[in-house]
Each structure stands twice: as C-alpha cells, then as structure tokens.
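Beneath this line is the structure, given in structure tokens, with notes to follow.
Heads up: numbering here begins at 1 and tracks the sequence. What you see below is based on every heavy atom in this structure, not just the backbone, and it leaves out hydrogens, waters and symmetry mates.
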Amino acid sequence: MQSLDEHFLRQAIALARHAGKLGADPFGALLVFKDQPVYQTEDHSVDYSDPTAHAELCAISEYCRSAKRLHLTGYTLYTSTEPCVMCAGAMHWARLSRVVFSVSLPTLHRLSGGQVKAESQALLRSGSHPVEVVGPLLEEEGRAVFEGHTFNTKAARHQALFPSDTPDVQ
C-alpha cells in the first residue's frame with residue numbers, strides 16, 4: 001500500500017498537470033490537515049496578474065483567509081516542486097509543520113533552462129518553528145508533468161492573456 005505522502009503528492013502532481021493543460025505553469029499544491037485535504041490550488045501568477053501567486057503561496061494565503069487562520073501548525077503542504085525561497089518564507093511565517101515535494105529545484109532548473117535559484121531548505125529548517133522537509137519523492141512522476149511544456153516568460157504569457165498598450169517589462 002502506498003504511503004499517505006505518496007497519495008497526497010500524486011494529487012499535487014495531478015493539479016500541476018491540470019494547470020499545464022490550461023496553459024499555466026505546471027505547478028500544484030495540496031494542503032492537508034489530519035490526513036484530510038483542506039485546500040488545493042495551482043499556479044495563478046499569470047491569470048491573477050500576480051507574480052507571487054505560486055501554487056504554494058496561494059494554498060497558504062487563500063486557505064488562511066478563508067479559514068481565518070494565522071498559523072498552520074499540524075498542516076502538511078504537498079507540492080509538485082520544491083518550494084522557492086518566497087514560498088518557503090510564507091511556509092516559515094505560517095508555521096507550517098511539513099512540506100512534501102516531488103521535483104527538486106536543481107531538476108526544475110535543468111528542465112526549464114532557467115537560472116539557478118537560491119535553495120530554500122535552510123530557511124524552512126530555521127527559527128523556533130522549523131518546517132519538516134520531505135523530498136524529492138516521486139520525482140520521475142513529477143518530471144513527467146513538464147514533458148512538452150514550454151517555459152515562456154510570465155510577462156509574455158500575461159501580455160497574450162491581457163493585451164494592453166503598455167507591455168510588461170521582460
């Protein structure tokens with residue numbers, strides 16, 4: 001029998017796959033409390049016109065607002081990709097207990113051709129409420145989501161979705 005971590009991580013990967021099919025960046029996140037999913041979302045950077053609307057950040061901020069919570073002690077966030085530093089900061093300040101991810105940042109950088117970003121695990125494991133970090137798990141399944149995905153800039157995709165007289169700065 002598969003572990004609960006694998007079960008919920010596959011759901012986050014499925015969310016990422018769905019986002020990619022809709023033309024968004026293929027990232028997904030699932031928030032779980034006491035072995036029950038409480039919130040799920042995908043990357044919304046382009047459609048929200050918000051460069052901070054990564055799946056992980058949306059899961060935390062949208063759930064906390066709707067549930068009227070400031071802290072997520074006892075919660076686990078399952079995410080299709082290792083969190084960036086911005087999302088790790090949100091996890092730290094929300095006092096999330098655990099994060100479980102599939103694709104590591106170095107693997108994502110190889111797949112996307114993007115520049116290497118700062119590692120977030122030191123931030124997640126710091127302070128008086130360290131976040132337990134589990135991953136990469138099911139990395140082959142997570143990598144498959146990126147097959148055939150073209151990484152265009154968010155600015156280019158935003159301009160295509162919301163054409164205006166003033167283009168975004170690349």
With Glu132, which residues qualify under salt bridge (Lys or Arg N to Asp or Glu O under 4.0 Å), at least two apart?
Arg98
What distance separates His54 NE2 from Thr41 OG1, expressed to the nearest 0.5 Å?
12.5 Å
Can you list everything that forms a side chain to side chain donor-acceptor pair (under 3.5 Å) with Thr81? Sequence neighbours excluded, please.
none
Apart from Leu72 itself, which Ile, Leu, Val, Met, Phe, Trp or Tyr residues share its cluster (side-chain heavy atoms under 4.5 Å, direct or through members)?
Leu31, Phe33, Val38, Tyr39, Ile60, Tyr63, Tyr75, Leu77, Met91, Leu96, Val99, Phe101, Leu124, Val131, Val133
Specify whether His149 and Phe146 have parallel, tilted or perpendicular ring planes, treating 30° as the upper limit for parallel and 60° as the lower limit for perpendicular.
perpendicular
Any residue meeting side chain to side chain contact (heavy atoms under 4.5 Å, CB included) with Gln11, in chain and number order, not counting sequence neighbours
His7, Phe8, Leu30, Pro37
From Asp25 atom CG to Ser45 atom OG, the distance as rounded to the nearest 0.5 Å:
6.5 Å
Sequence-distant partners of Glu139, side chain to side chain contact (heavy atoms under 4.5 Å, CB included), two or more places apart
Val103, Ser104, Thr107, Pro136, Arg143
Distance only, no hydrogens: is a donor on one side chain within 3.5 Å (strictly under) of an acceptor on the other, for Ser3 and Asp5?
no
What's the shortest heavy-atom distance between Asp43 and Asp47, and which atoms?
O-OD1, 4.1 Å
For Arg95, all residues meeting side chain to side chain contact (heavy atoms under 4.5 Å, CB included), sequence neighbours excluded
His71, Thr73, His129
About how many Å separate CD of Glu6 and CD1 of Ile13, when rounded to the nearest 0.5 Å?
10.0 Å
Kindly work out whether a path of hydrophobic side-chain contacts (I/L/V/M/F/W/Y, heavy atoms less than 4.5 Å apart) joins Leu105 to Val85.
no
Set of residues satisfying side chain to side chain contact (heavy atoms under 4.5 Å, CB included) with respect to Leu22, sequence neighbours excluded
His18, Glu42
Under the side chain to side chain donor-acceptor pair (under 3.5 Å) test, which residues partner His109, sequence neighbours left out?
none
How long is the straight-line distance from OG of Ser120 back to CZ of Arg125, given to the nearest 0.5 Å?
9.0 Å
With rounding to the nearest 0.5 Å, note down the distance linking CG in Leu138 to CG in Leu9.
5.0 Å
Before giving the answer on side chain to side chain contact (heavy atoms under 4.5 Å, CB included), spell out for Met86 and Glu56 the whole-Å C-alpha distance, their side-chain angles and the decisive distance to 0.1 Å.
CA-CA 10 Å; Met86 175 184 68; Glu56 301 91 336; over 6 Å; no
If you compare all heavy atoms of Ala19 against all heavy atoms of Pro26, which two are closest, and at what distance to 0.1 Å?
CB-CA, 4.3 Å
For Ser49, what residues pass the side chain to side chain donor-acceptor pair (under 3.5 Å) criterion, not counting sequence neighbours?
His158
In Å, rounded to the nearest 0.5 Å, how long is the span from OG of Ser102 to CG of Leu108?
11.0 Å
Compare every heavy atom of Leu137 with every heavy atom of Val134, then report the nearest pair and how far apart it is.
CG1-CD1, 3.7 Å
Sequence-distant partners of His92, ring pair (Phe, Tyr, Trp, His ring centres under 6.0 Å), two or more places apart:
none
Ser97: what forms a side chain to side chain donor-acceptor pair (under 3.5 Å) with it, not counting sequence neighbours?
none
Tell me which pairs pass salt bridge (charged side-chain N to carboxylate O under 4.0 Å, His left out) where either residue lies in residues 67-78, with sequence neighbours left out.
none
